[in-house]
Amino acid sequence: MMAEPVRSFEDFYRAEWASVRRAVGFTVGEPDLARECVDEAMTRAYERWHQVAAMDRPAAWVYRVAVNQARNRGRRRA
């Protein structure tokens, strides 16, 4: 599989935010928590965009960061 072409963070955000939020929401079962965690993950992606953009699947990285964030929050609540 070929890597995605490098694009601006803004283009990436517009293209991927909604689908990543849906996937994270499905995984964690809490839409509001998913939204917060995807926003945090996108912020982290922006801060490291030169590294994240070079990955084969940047949206998968954002998804993983968001799910990890949601699980960490759940553990802290328990």
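In this chain, residues are counted from 1 in sequence order.
The two atoms that bring Ala15 and Ser19 nearest to each other are O-OG, 4.5 Å, heavy atoms only. The two atoms that bring Ala66 and Cys37 nearest to each other are O-CB, 3.5 Å, heavy atoms only.
One distance of note links CZ of Phe12 with CE of Met42; it measures 4.5 Å at 0.5 Å rounding. Here CD of Gln69 is found 7.0 Å from CG of Asn72. Values are rounded to the nearest 0.5 Å. One distance of note links CZ of Arg44 with CG of Asp39; it measures 12.5 Å at 0.5 Å rounding. Note that CZ of Arg7 and CZ of Arg14 are 10.5 Å apart. Values are rounded to the nearest 0.5 Å. Interatomic distance, Trp61 CH2 to Gln51 CD, rounded to the nearest 0.5 Å: 8.5 Å.
Partners of Arg22 by salt bridge (Lys or Arg N to Asp or Glu O under 4.0 Å), not counting sequence neighbours: none found. Take Arg64 and apply the salt bridge (Lys or Arg N to Asp or Glu O under 4.0 Å) test, not counting sequence neighbours, and it matches no residue.
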Counting only pairs under 3.5 Å, give me each side-chain donor-acceptor contact of residues 26-33, with atom names and distances, residues two or more places apart or in other chains.
residue: Thr27; atom: OG1; partner: Ala23; partner atom: O; Å: 2.9
residue: Thr27; atom: OG1; partner: Tyr63; partner atom: OH; Å: 2.7
residue: Asp32; atom: OD1; partner: Arg35; partner atom: NH1; Å: 2.8

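Heavy atoms of other residues, nucleotides or ligands lying less than 6.0 angstrom from OH of Tyr46 number 12 at most.
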